[in-house]
Amino acid sequence: MAVTRFRRRVVALTVLIATAVVAILVVVSHVLLSRVTDADALDLARTRAEAVAANVTTVGGRVVLTENGSEALDEVAWVYADGRLIDGNIPSSMVERVEALAGASRSQTATVAHYLLYARQVPVDGHHVMVVVRVDLTPYETSEQHSLTLSLVLGGLAILLAGGVAHLVVRRALRVVHEMAALADDWGHHEPGRRFDLGVPRDEFGELGQTLDRLLERVDNALRDERRLTDEIAHELRTPLTVLRGEAQLAQLAGEPVAPQTVLSEVDRLNAAITTILRAARARTDAGTRCDLRSAARQAIAGRAVEVAFPAKAEVAVAADVAVALLSPLLENGLRHARSRVWITARTEGEAVVVDVLDDGPGFDPAEVDRVFDAGVTGGDGYGLGLPVVRRIAASAGVEVRAIADGRGHVEVTLPAARAAT
């Protein structure tokens, strides 16, 4: 329905523009044709006047015409000498106007009904001689009317043709757009890796294809991100569930009750994993959000053997629970791989606060340092919250986190510093 309305609007606009253009062309052409016919009629009148004037002469002091080539000329040409008609028959409806022109002192024109009157002065010594001729304008007016009618008919056909062409072109263009959109929608659901790959855009369809390719890329990334989240959830929850199941099965085989401490510990870890994954999915950095980094670090440490070296005041522009969710898995990862010592430091660099989580363990493999935050890459015998979840939380909160291969366990977290209150 929306596509049909758009097509109608485009066709209506095309017809409107074509109508305006045709109207302007018809008016201009009619004006030009009118001027041409007026000039032709005047040229004919002058030619007739010159032909009559060539026959005017004087005989014995009187002005006479030497010859008259046609009797019909008496009806279209009249000669006045000193205010007196000496040749021609004037229709009664034109007598007054012809005599007024004959009495003029210079050549001039006038229009009476459908006739053009032209008066020309003939130079004759001692006499005032005027030749007045008429030209029937009916053929010229008929020609103008026929031309105007033809222009209107052709203009109407041009408007209809413009509307028809616009309809066909828009329908074809929208069909292409519809087909591209349908393909993109189908690919997004079934073949997210497919692309139009039209190359450098040469027209609007190329730009549309490029835009749809970017959209498909975002959809593909979203699907991959969803699959990674599923992998991370499975990775984070499978181990505590396995431990709980194993404890329950051992207790069942031995006929003994399940150890409460083990169950509670595993349930706590399972709950922490679920909470952190939810934070990863919902974490956002809102304007004005801030927290005390020392307090967040203490919550993340939770009484474990971790050394802290923070400045007296370190505030960051992230929520406290997000900071805790970032640091907790990094500390647990360090405690799991450290030989004897885990420590955490913080320093200010420009408008950021850089937190280093370190341990004296073997550290990261330089060949894998860029992939340690991918699900399933890191090793170890613990289960914790995992570095993939840290990466997800960091990306959602606008925080940068990276592993450093320097011969020890070292993860650097760069958080935006909180601005001073004004």
In the structure I gave you, are the side-chain heavy atoms of Val401 and Thr414 within less than 4.5 Å of one another anywhere? no
Main-chain N/O of Val306 paired to Trp343 side chain as donor or acceptor, under 3.5 Å: no
Rounded at 0.5 Å granularity, tell me how far CG in Leu137 sits from CG in Asp38. 7.5 Å
State the NE2-CZ distance between His167 and Arg8, to the nearest 0.5 angstrom. 10.0 Å
Could you pull out the closest heavy-atom pair between Gln121 and Ser105, with the gap in Å? OE1-O, 3.1 Å
Would you call Val411 and Asp356 a side-chain contact if the rule is heavy atoms closer than 4.5 Å? no
Could you tell me if the side chain of Asp87 sits less than 4.5 Å from the side chain of Trp78, heavy atoms only? no
So does Arg347 pair up with Glu412, basic N to acidic O under 4.0 Å? yes
Apply the test side chain to side chain contact (heavy atoms under 4.5 Å, CB included) to residues Val79 and Leu85: give CA-CA distance (whole Å), side-chain angles for both, the deciding distance (0.1 Å), then the verdict. CA-CA 6 Å; Val79 180; Leu85 178 66; 5.8 Å; no
So Ser34 and Tyr140, side chain to side chain contact (heavy atoms under 4.5 Å, CB included) or not? Walk me through it. CA-CA 8 Å; Ser34 178; Tyr140 300 98; over 6 Å; no
With respect to Tyr80, which candidate in Val98, Val63, Val131, Val122 satisfies the side-chain contact (heavy atoms from CB on, under 4.5 Å) definition? Val98
Minimum heavy-atom separation for Ala417 and Val353, please, with both atom names. CB-CG2, 3.9 Å
Roughly how far, to the nearest 0.5 Å, is the CD1 atom of Ile344 from the CG atom of Leu293? 7.0 Å
Given 3.5 Å as the limit, does a donor-acceptor pair link the side chain of Asp360 with the main chain of Arg341, or not? yes
Donor-acceptor under 3.5 Å (Arg304 side chain, Ala300 main chain): yes
Quick one: are Val355 and Leu415 in side-chain contact, heavy atoms under 4.5 Å? yes
Given side chains that start at C-beta, do those of Met94 and Glu96 come closer than 4.5 Å, heavy atoms only? no
Compare every heavy atom of Ala162 with every heavy atom of Thr14, then report the nearest pair and how far apart it is. CG2-O, 3.7 Å
Evaluate the side chain to side chain contact (heavy atoms under 4.5 Å, CB included) criterion for residues His410 and Val357: first the C-alpha distance (whole Å), next the side-chain angles of each, then the deciding distance (0.1 Å), finally the verdict. CA-CA 6 Å; His410 187 183; Val357 179; over 6 Å; no
Of all the heavy-atom pairs spanning Val369 and Ala403, show the shortest one and how long it is. CG2-O, 3.2 Å
Flag side-chain contact, heavy atom, 4.5 Å: Cys291 against Val316: yes
From Phe310 CZ over to Asp292 CG, what is the distance, rounded to the nearest 0.5 angstrom? 9.5 Å
Are the side chains of His146 and Leu150 in contact, using a 4.5 Å heavy-atom criterion? no
Using the salt bridge (charged side-chain N to carboxylate O under 4.0 Å, His left out) rule, collect all pairs that involve residues 123-152, keeping only residues at least two apart or in two chains. none
Taking Val324's backbone N and O only, do any of them form a donor-acceptor pair with Ser328's side chain (distance below 3.5 Å, no angle check)? yes
How close do Val132 and Ala119 get, heavy atom to heavy atom, and via which atoms? CG2-CB, 4.0 Å
Minimum heavy-atom separation for Gly350 to Thr348, with atom names? O-CG2, 3.8 Å
Begin with the C-alpha distance, continue with both residues' side-chain angles, and end with the deciding distance and a verdict on side chain to side chain contact (heavy atoms under 4.5 Å, CB included) for Glu50 and Arg120. CA-CA 8 Å; Glu50 290 174 357; Arg120 175 178 177 175; 2.4 Å; yes
Which residue is it: Leu101, Thr111, Thr109? I am looking for the one with a side-chain contact (heavy atoms from CB on, under 4.5 Å) to Leu117. Leu101
Mind checking the CG-OG1 spacing from Leu42 to Thr37? Nearest 0.5 Å is all I need. 11.5 Å
Does the Ser143 side chain pair with the main chain of Pro139, one donor and one acceptor, at a distance under 3.5 Å? no
Test of understanding: with side chain to side chain donor-acceptor pair (under 3.5 Å), list the residues that count as partners of His30, not counting sequence neighbours. none
Taking the side chain as everything from C-beta on, heavy atoms only, tell me whether Val64 gets closer than 4.5 Å to Ile86. no
Measuring from Leu331:CG to Asp359:CG, what's the distance to the nearest 0.5 Å? 10.0 Å
Less than 3.5 Å apart, any donor N or O on the side chain of Asp82 or His127 sitting next to an acceptor on the other? yes
